[in-house]
Amino acid sequence: MTTAKKDTLNPSQHAAVTHPGGPLLVLAGAGSGKTKIITERISHLVTKEDVSPHRILAVTFTNKAANEMRERVSHLIPGSAKGLWIGTFHSTALRILKRDIDKLPGFDRNFAIYDDADQIRLIKDCMARLNIGERGIEPRFVRTRIDRAKNRGGKPGDTGNDELNEDITNIFELYEKEMRKLNALDFGDLLHVTARLFEERPEVLEAYQEQFRHILVDEYQDTNNVQYRIVEMLSRKHKNIFVVGDDNQSIYGWRGADITNILNFEKDFPSASIIKLEKNYRSTKNILNAANGLITKNRNRHEKNLWTDNPEGEKLSYFEAVDEREEARYVVSEIESEVSRGGRSYRDIAVFYRTNNQSRVIEEELLRKDVPYAIVGGTGFYQRAEIRDLTAFLRVIANPNDDLSLRRIINVPARGIGKGTVDEVTRIAADEDISFVEALRKSVAENLLPQRTILALKKFLSMLDGLIEFEKDHGIGETIDRILEKTGYLELLEKEPERRENVGEIFNIAAEFEREEEGAGVREFLDRITLSSDIDSYNGKEERVALMTLHSAKGLEFPVVFIIGMEEKLIPHYNSLKDNGDVEEERRLFYVGITRAREKLYLIGARSRRFFGKEERPTPSRFVSELPEELVEVKNLYTGLLRESTSSGFAPRNKSATRRTGSASSSAAPPTPKPGNSGYKAGQKIHHPSFGPGTITKVEGEGDSAKVTVSFLAHGVKKIIAAYLEGK
DNA sequence: ACCGATTGAATTTTT
DNA sequence: TTCAATCGGT
């Protein structure tokens, strides 16, 4: 935000922007001006090197990043930004496939895009059809395996090599067959098929190679194998591949991102240069050093040393709440004082968490205290049942052979076409090898079903035909309107104002889409919404506290950041602690969270937390003790200070405090204060229920309120209220 | 075929 | 806690 950052480039940045050509890896640490480098580079190419905009391809991972990039570029070079190919990997692939996918046998340019919910549904169908299911394979799991295979460019044989492989392979094959029939591509396909297109149709590849003289990739550490292959193939001719990334921020390994892409860049692209951007413009010294200290615990990384000219700033603060409710109260009360006493505004503040469900408690408290907030990302708008219903209608109109969508909405609202009928028609479709609508029409024409159902089907089909006709010469918004009216969907939502509102919102989105994309139809609209997520719409301009997961936080920054749930099994997440988990990735995730903060970072954990109904007693996150100790101020441990400050909200709630949900966990329960013990002294060995064994190094004060400094075996040095120790 | 109720299950991160 | 799927009654 300083003028130095805005107007001038430091030497490394300048070198990157003006790089003469050939492969370049820019290792850009957090807050080192990554986006700026890319946008300046594009502008440099266009204005100084006379590269025509349409010969530049810039890919990012999120629409948000793409939009931001486009906006900033159009600022730098007004007018020229239009021709640029800026987009996410997926949208770029889509653009290519919409043009050329029919050069591959068996594909049609009018394909639909299926998101993962669609995938799961189809996989379930396939499993049912193959009589797989009792064997305990979860559709989700199958999807992951299919995705993984596509990421590696694999075919249905190589989904893995365990005992499940045969089943999965069978499901995969049927799934692919069905997807062709449905004329649909899933997210994985967008990339995988693009790679195939390039591999199998050299003339197509050549055309794109020729076109793209410069290729820029943002967040390179998040690329997976297909993405790497696509980019590598495209850059083979001109070799101008410019990638920017930070291996320390690789947090999508679970989705197939391959951190070795960035670690091996020099090997993959011979004669590659590397430029490191190590100057951080964002955070205070304390925050940056905390992040640096943490990340050195990871083995697998490029050596980088981030530094900053910024002031030292405040220490990080760490607070342990009794439970998640107190955690929320603490966060909100700190937010309030940041605003009232610290002169912050709400939009300066963000709360990060590991899992979406953690937002709830915080939300409740924010609501209670009338603090404006916005949830960024999360269970998306587009995932809501009513929105999915509506898009299913649209899909069926765009392609009546979209069986999956048709089956979804054929009885919504209820119109007398029940499960029995659907099953029967599905069977006919399978027997005759025709689509579901065709089977419907056949059933009606040949009277294959009871009279009552035939009647219902007739009504449905004529309604559908009417809508299909209507869409031909009306806009998207009008079509949505018509659907709502003709299907009776609006009445269905009569008593649900919230859902009605959502449906209204999709209408607005459609109207907006029509305005900005002239000539685009329902198909394009559907593509757009399945490729967008809610995070894309966050602009940070509103006067609200932002709530989001650590993953969503990547690429953003805030003066004040709260990271909640600093506990084992949350950060690092439970799943990373088991078998094939990756704790280093969790550490990077936390690193990403830390480095979002400009001035003030709060870490909060709870000593008790309900997981789904069940009360658990987590231990503090190992990552907290990995931070350089002198940079962290431990706010309090069970001092109950907060309890006194908020009077009404939670007077002695003994009920919940003493609730015996599983007495098994009582051994790990927080230590009960021991009445009248005063006799701690330095050198004494003690045991703390969470931190384990330790040695007292210092005692201040007397009695229960004495503060004891303890050096723990596993958790470093902590200052603790004496009352909460167990002497030993 | 539909509705309601009970039961059971499952919860990471997302283009 | 919340959601989905299943079951049984109408």
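Labels below follow one simple rule: chain letters A, B, ... track the order of the sequence lines, proteins then strands, and each chain is numbered from 1. Predicted model, so just to flag it, every value in this text is computed and none were measured.
Residues meeting the ring-ring contact (aromatic ring centres under 6.0 Å, His included) test with A/Phe513, sequence neighbours left out: A/Phe525. Under the rule for a side chain to side chain donor-acceptor pair (under 3.5 Å), A/Glu616 has no partner lying at least two apart in sequence or in another chain. With sequence neighbours excluded, no residue satisfies side chain to side chain donor-acceptor pair (under 3.5 Å) with A/Glu524. Considering only residues two or more places apart in sequence or on other chains, A/Ala93 meets the side chain to side chain contact (heavy atoms under 4.5 Å, CB included) condition with A/Leu190, A/Leu191, A/Thr194. Annotation: side chain to side chain donor-acceptor pair (under 3.5 Å) contacts of A/Arg427 (sequence neighbours excluded): A/Glu424, A/Asp431. Residues passing the ring-ring contact (aromatic ring centres under 6.0 Å, His included) test with A/Phe198, sequence neighbours excluded: A/Tyr208.
The phosphate of B/dT13 (OP1 or OP2) has a side-chain N or O of A/Asn356 nearer than 4.0 angstrom.
The side chain to side chain donor-acceptor pair (under 3.5 Å) pairs that include a residue from residues 407-420 of chain A are A/Asp125-A/Arg407, A/Asp389-A/Arg408, A/Lys419-A/Asp423, where partners are two or more places apart or lie in different chains.
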Set out, line by line, the N/O atom pairs under 3.5 Å between protein and nucleotides 2-4 of chain B.
| residue | atom | partner | partner atom | Å |
| --- | --- | --- | --- | --- |
| B/dC2 | OP1 | A/Gly416 | N | 2.9 |
| B/dC2 | OP2 | A/Asn411 | ND2 | 3.2 |

Using a cut-off of under 3.5 Å, enumerate the N/O to N/O pairs linking the protein to nucleotides 1-5 of chain C.
| residue | atom | partner | partner atom | Å |
| --- | --- | --- | --- | --- |
| C/dT1 | O3' | A/Arg360 | NH1 | 3.0 |
| C/dT2 | OP1 | A/Arg360 | NH1 | 2.9 |
| C/dA5 | OP1 | A/Lys124 | NZ | 3.3 |

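You can call A/His573 stacked on the base of B/dT12; the centres are under 5.5 Å apart and the planes sit within 30°. Under the stacking criterion of a centre-to-centre distance below 5.5 angstrom and an interplanar angle below 30°, A/Trp254 is not stacked against the six-membered ring of B/dT12.
Look at A/Glu585 and A/Arg588 and you find a salt bridge, because one of the NZ, NE, NH1 or NH2 atoms lies within 4.0 Å of a carboxylate O, short of that distance.
Listed candidates were B/dA1, B/dT15, B/dT13. Nearest to the side chain of A/Thr421 is B/dA1.
Taking atom P on both nucleotides, B/dT13 is separated from C/dA4 by 16 Å, rounded to a whole Å.
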